[in-house]
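Notes follow the structure.
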Amino acid sequence: MKFFVDTADVDAIKELNDLGMVDGVTTNPSIIAKSGRNILEVTKEICDIVDGPVSAEVVATEADAMIAEGRKLAEIADNITVKVPLTWDGLKACKVLSSEGTMVNVTLCFSANQALLAAKAGATFISPFIGRLDDINLDGMDLIEDIRTIYDNYGFETQILAASIRSTNHMSDCAKIGADVATAPPAVIKAMANHVLTSKGLDAFLADIKKADIKIV
Ligand code: E4P
């Protein structure tokens, strides 16, 4: 499973990228607004750091305007993925932009039918939002499973990019189901390294070595 990092925090991206933990980056209008930076500038900086796809989202809602914004975003770098919302206009924009050779990430997906439409419109990625479904007492992971089944049934090449990830359990569940990509905030990716028995075991090892006064260097 590829790891995308869901942030516009350049320092956090650099740290994870240096460790080989970043296969791509996703942003959305809320993330860009939170960064307080110009969307074109911060996205360019991210594209210079990361080799993989970097999603930048349009803010227009009508197809022609989305296409114009998508073309402008695509000029930033070769690894730009234009993100469009899963509306009828978004699907139209997806079809045009993907036929021009631009990678497209169709976002705000909350149903298997929406994912089916995005695949038929030529999406490179479909972004089902797990956490926001969990928030309304549905099971976001069921959606990942349903999309995996449908895409596999028909050999769609659209990649399942599990989004709105809030916990480390979401990451392992996505990997078990076979999501192609999971995008998560830096804190969730870093938390995947934690285990209470690792901390406990290390404390015991360090206490023992201190008593024995053993040094390596
Ligand atoms: C990623 O592409 C999405 O924009 C993001 O994962 C949404 O996450 P949230 O539901 O935590 O805002």
Side-chain angles (χ1 to χ4, degrees), residues 1-10 12-13 16-17 21-37 39 42-43 46-47 49-50 52-61 66 69-70 73-74 76 79-87 90-91 93-94 97-98 102-111 114-115 118-119 121 123-144 147 158-175 177 179-192:
M1 184 169 75
K2 284 177 252 180
F3 283 13
F4 286 6
V5 59
D6 199 26
T7 187
D9 179 336
V10 171
I13 293 169
L16 289 168
N17 193 53
M21 300 295 175
V22 179
D23 300 302
V25 172
T26 51
T27 64
N28 63 35
S30 304
I31 287 172
I32 296 292
K34 190 176 163 200
S35 79
R37 299 191 53 193
I39 182 170
V42 71
T43 306
I46 295 168
C47 287
I49 299 166
V50 174
V54 174
S55 287
E57 189 161 341
V58 301
V59 292
T61 55
M66 285 186 197
E69 289 183 357
L73 291 169
I76 296 173
N79 54 336
I80 279 288
T81 300
V82 175
K83 211 170 171 192
V84 299
L86 212 156
T87 58
L91 292 170
C94 172
L97 292 167
S98 56
T102 298
M103 291 186 286
V104 179
N105 175 358
V106 180
T107 188
L108 289 168
C109 171
F110 294 96
S111 78
Q114 288 181 316
T124 315
F125 300 102
I126 181 69
S127 288
F129 276 35
I130 298 169
R132 294 191 195 188
L133 283 168
D134 290 355
D135 288 345
I136 58 164
N137 282 328
L138 295 171
D139 188 342
M141 218 49 72
D142 285 349
L143 177 58
I144 304 296
I147 300 172
T158 300
Q159 295 180 52
I160 301 173
L161 197 176
S164 188
I165 283 183
R166 308 269 171 78
S167 69
T168 55
N169 281 352
H170 280 158
M171 292 296 279
S172 48
D173 287 344
C174 281
I177 291 169
D180 300 287
V181 189
T183 189
V188 171
I189 295 175
K190 291 176 94 169
M192 291 169 73

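We number each residue from 1, following the sequence as shown. Given the structure is predicted, the values throughout are model-derived calculations rather than measurements. Numbering of ligands and ligand atoms starts at 1, following listing order.
Among protein heavy atoms, the minimum distance from atom 1 (C) of ligand 1 is reached at D6 OD1, 3.2 Å. The single protein non-hydrogen atom nearest to atom 8 (O) of ligand 1 is S164 CA, 3.4 Å, given as residue, atom name and distance. Counting only heavy atoms of the protein, atom 3 (C) of ligand 1 lies nearest to F129 CZ, 3.5 Å. Considering only non-hydrogen protein atoms, atom 4 (O) of ligand 1 sits nearest to N28 ND2, 2.7 Å.
A donor-acceptor contact closer than 3.5 angstrom is absent between the side chains of T81 and N105. When only modelled atom types and interatomic distance are considered, T26 and T183 share a side-chain donor-acceptor pair under 3.5 Å.
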Inset, instruction - Quick one: do I13 and T7 satisfy side-chain contact (heavy atoms from CB on, under 4.5 Å)? Show the steps, please. - result: CA-CA 8 Å; I13 293 169; T7 187; 3.6 Å; yes

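Annotation for ligand 1: atoms under 4.0 Å from non-hydrogen atoms of R166 are 9 (P), 10 (O), 11 (O).
The residues D9 and K34 are annotated as not salt-bridged, no charged nitrogen and carboxylate oxygen being separated by less than 4.0 angstrom.
Nearest to atom 10 (O) of ligand 1 by heavy atom, out of K83, E57, R132, is R132.
Looking only at distances, a side-chain donor or acceptor of T158 sits under 3.5 Å from a matching main-chain atom of A123. Side-chain N or O atoms of Q114 include one that pairs as donor or acceptor with a backbone N or O of S111 at under 3.5 Å.
Not a single heavy atom of T107 sits less than 4.0 Å from an atom of ligand 1.
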